[in-house]
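Because the structure is predicted, anything quoted here is derived from the model rather than measured. Scope of the values below: all heavy atoms of this structure, side chains included, with no hydrogens, waters or symmetry mates.
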Amino acid sequence: MTAGARVAAVDLGASSGRVVSFDVTPDRIASTEVHRFPNGPVRLGGTLHWDVLGLYRGVLDGLRAAGPQLDAVGVDSWAVDYGLLDATGALLGNPVHYRDGRTDGVPDAVHARVPAAELYRVTGLQVLPFNTVYQLAAAAGSPQLAAARHLLLIPDLICHWLTGARFAEVTNASTTGLLDARTRTWSAELLVRLGIDAGLFPPLVEPGAVVGSLLPHVLAETGLPGPVPVVAVGSHDTASAVVGVPAAGRDFAYVATGTWSLVGVELDGPVPTEAGRRANFSNELGVDGTVRYLRNVMGLWLLQECLREWGDPEPGPLLDAAAGEPALAAVVDAGDPAFIPPGGMPARIAAACARTGQRPPGTPAAVVRCVLDSLALAHRRAVRQAAGLSGTRVGVVHVVGGGARNTLLCQSTADACGLPVLAGPAEAAACGNALVQARALGVVTGGLAELRGLVRASTDVVRYEPRGGTAAWDEAEGRLGLA
């Protein structure tokens with residue numbers, strides 16, 4: 001075992017990217033955020049895109065700031081979106097944003113070829129209109145897809161530009177709707193039946209694999225002395241965040257909060273049951289052969305879009321004011337796909353309240369309270385269903401990611417679930433990313449329990465106890481017809 005290492009965790013979220021430097025020893029992990037950069041959609045010709053070259057520039061700037069010496073680099077990001085490369089390796093246009101409307105109605109067309117129940121038995125993936133399988137169906141016949149020879153998911157694309165290697169890391173690949181959740185391999189049968197070219201997809205790798213080293217021109221741009229290995233981490237940011245959960249046992253649920261809330265439990269294998277499909281639960285792959293049995297909840301996207309509509313005020317005063325608003329005065333279904341597109345969020349929240357016979361919130365503070373209560377209600381429902389559908393006991397809920405800093409959200413989640421909430425770390429995805437790198441370098445050893453022990457030893461976690469019983473939350477859920 002080596003004495004220690006400095007690694008850079010590249011963590012790309014749907015609203016911002018960052019590079020975090022970690023100093024890791026066998027008994028401690030310490031982080032420094034060295035660079036943060038915006039990540040916003042760009043609408044061009046009616047299509048919503050990602051500025052992936054801008055993201056790559058942010059990565060290079062961050063690696064430069066993390067230097068002058070690094071022992072490894074790992075990259076995680078959001079799921080499902082991809083870049084297409086031609087035969088020369090050139091990028092065929094900016095990747096399309098998952099919130100673009102091109103997949104409207106597409107899942108039904110895909111399910112006409114492979115029934116939804118059959119698709120779920122293989123992939124174990126919940127139906128979200130932006131899953132990669134539906135994006136590819138929407139892109140069928142386009143010049144870009146016709147010219148493509150390689151498809152790389154976003155973190156794999158960034159790693160390709162850093163190293164020249166082409167691969168697909170399994171935790172993110174499992175969000176495509178094209179991976180067999182039981183075998184952790186591409187489903188050749190599904191690709192054939194859906195008419196998707198299997199040659200587009202690179203070989204799969206598991207987290208912890210060293211996939212290459214920074215290329216000479218990358219070293220020159222970042223000022224780093226080589227060689228610097230690049231490690232495949234849990235490249236879906238939620239997979240890395242679950243590694244970064246400071247759990248002391250297995251009887252926990254997690255809420256990985258950010259633009260989305262990913263709510264679920266950790267299992268040893270997939271549970272692709274019909275009951276799980278009807279509840280829209282995913283069996284996404286995790287680190288060390290695990291499965292993240294979870295459901296996507298709309299997350300802090302609802303709040304972010306409200307703030308944008310109001311001119312981006314400082315959120316602190318609004319959160320303070322929201323804490324003084326009556327609890328559960330109005331709630332919405334935070335899993336409703338109607339909230340996926342950007343724009344007009346306060347009006348859409350008001351309309352959803354009116355449809356369910358509730359008085360719409362009348363002030364920004366009341367809207368914020370509605371959003372946070374609704375998220376807590378959605379967290380409660382997902383935690384309970386995840387436990388019931390998987391036969392798992394849940395004794396505590398870990399809230400990690402950006403929402404761990406939101407006191408009102410954490411307390412409301414504890415109240416709604418009737419369970420203690422342990423909040424932190426806020427940088428769980430970057431932390432899990434760094435730990436997988438450090439283990440690949442031999443700095444730390446052991447499995448997920450040992451890695452999480454290192455997180456506990458290095459993190460101040462805030463505990464929220466449930467208050468007041470769950471009767472009011474039961475009534476609120478009934479208003480939405482979800483009880």
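What you find for A232 and F167 is that their closest heavy atoms are CB-CE1, 4.3 Å. Of all heavy-atom pairs between C306 and V367, the closest is SG-CG1, 3.9 Å. F37 and H35 make their closest contact through CD2-CD2, 3.4 Å (heavy atoms, listed as atom of the first residue, atom of the second, distance). Closest approach of Y293 to G276, counting heavy atoms only: OH-CA, 3.6 Å. For the residue pair V170 and L179, the shortest heavy atom distance occurs at O-CD2, 4.0 Å. The minimum heavy-atom distance linking A430 with A9 is given by the pair O-CB, 3.6 Å.
Going from atom CG of L44 over to atom CG of N94 covers 8.0 Å, rounded to the nearest 0.5 Å. Here CG of D76 is found 5.0 Å from CG of N433. Values are rounded to the nearest 0.5 Å. In this structure, E309 CD and I349 CD1 are separated by 10.0 Å, a value rounded to the nearest 0.5 Å. The CD1 atom of I154 sits 12.0 Å away from the CG atom of D237 when rounded to the nearest 0.5 Å. Interatomic distance, L389 CG to R384 CZ, rounded to the nearest 0.5 Å: 13.5 Å. Taken from CG in L448 to CG in D288, the straight-line distance is 4.5 Å, to the nearest 0.5 Å.
A centroid separation of less than 6.0 Å is found between the aromatic rings of F130 and W260. The six-membered or imidazole ring of H398 lies away from that of Y254, with a centre-to-centre distance of 6.0 Å or more.
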Exercise for the section: Check step by step if salt bridge (Lys or Arg N to Asp or Glu O under 4.0 Å) holds for R369 and D373. Expected result: CA-CA 6 Å; R369 184 63 191 239; D373 284 348; 3.1 Å; yes
Assess whether salt bridge (Lys or Arg N to Asp or Glu O under 4.0 Å) is satisfied between R57 and E221, documenting all intermediate values. CA-CA 10 Å; R57 167 52 59 194; E221 285 205 51; 3.2 Å; yes
Item to complete: Evaluate the salt bridge (Lys or Arg N to Asp or Glu O under 4.0 Å) criterion for residues R184 and E206: first the C-alpha distance (whole Å), next the side-chain angles of each, then the deciding distance (0.1 Å), finally the verdict.
Response: CA-CA 9 Å; R184 300 174 80 95; E206 291 280 349; 2.9 Å; yes
Discussion item. With side-chain contact (heavy atoms from CB on, under 4.5 Å) as the criterion, how do V245 and F252 come out once you've worked through the C-alpha distance, each side chain's angles and the decisive distance to 0.1 Å?
Written reply: CA-CA 10 Å; V245 169; F252 70 93; 3.9 Å; yes
ask   = For R479 and D333, what are the C-alpha separation, side-chain angles and deciding distance, and is it a salt bridge (Lys or Arg N to Asp or Glu O under 4.0 Å)?
value = CA-CA 10 Å; R479 281 182 245 158; D333 177 5; over 6 Å; no
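Looking only at distances, no side-chain donor or acceptor of R295 sits under 3.5 Å from a matching main-chain atom of F281. In this structure, the side chain of S240 engages the main chain of G234 through a donor-acceptor pair within 3.5 Å. Looking only at distances, a side-chain donor or acceptor of Q411 sits under 3.5 Å from a matching main-chain atom of E465. In this structure a side-chain-to-backbone donor-acceptor pair under 3.5 Å is present from N406 to L409. No donor-acceptor pair under 3.5 Å is formed between the side chain of S458 and the backbone N or O of V455. Using modelled atom types, no side-chain atom of E450 and backbone atom of T445 make a donor-acceptor pair closer than 3.5 Å. Although no hydrogens or angles enter the test, the distance criterion places no donor-acceptor pair under 3.5 Å between the side chain of S374 and the main chain of V331. The backbone N or O of V80 sits less than 3.5 Å from a side-chain atom of T132, completing a donor-acceptor pair.
The shortest distance between side-chain heavy atoms of R292 and L262 does not fall below 4.5 Å.
In this structure, R380 pairs ionically with D474, as a charged nitrogen and a carboxylate oxygen lie closer than 4.0 Å. Taking a cutoff of 4.0 Å between a charged side-chain nitrogen and a carboxylate oxygen, E305 and R99 do not qualify as a salt bridge.
Figure legend: cation-pi geometry between R381 and W473 absent, as NZ or CZ is not positioned both under 6.0 Å from the six-membered ring centre and within 45° of its axis.
Other residues, nucleotides and ligands contribute more than 12 heavy atoms inside 6.0 Å of the CZ atom of R456. In the displayed structure, D268 atom CG is contacted under 6.0 Å by at most 12 heavy atoms of other residues, nucleotides or ligands.
Shown here are the salt bridge (charged side-chain N to carboxylate O under 4.0 Å, His left out) partners of D251, two or more places apart in sequence or in another chain: R393.
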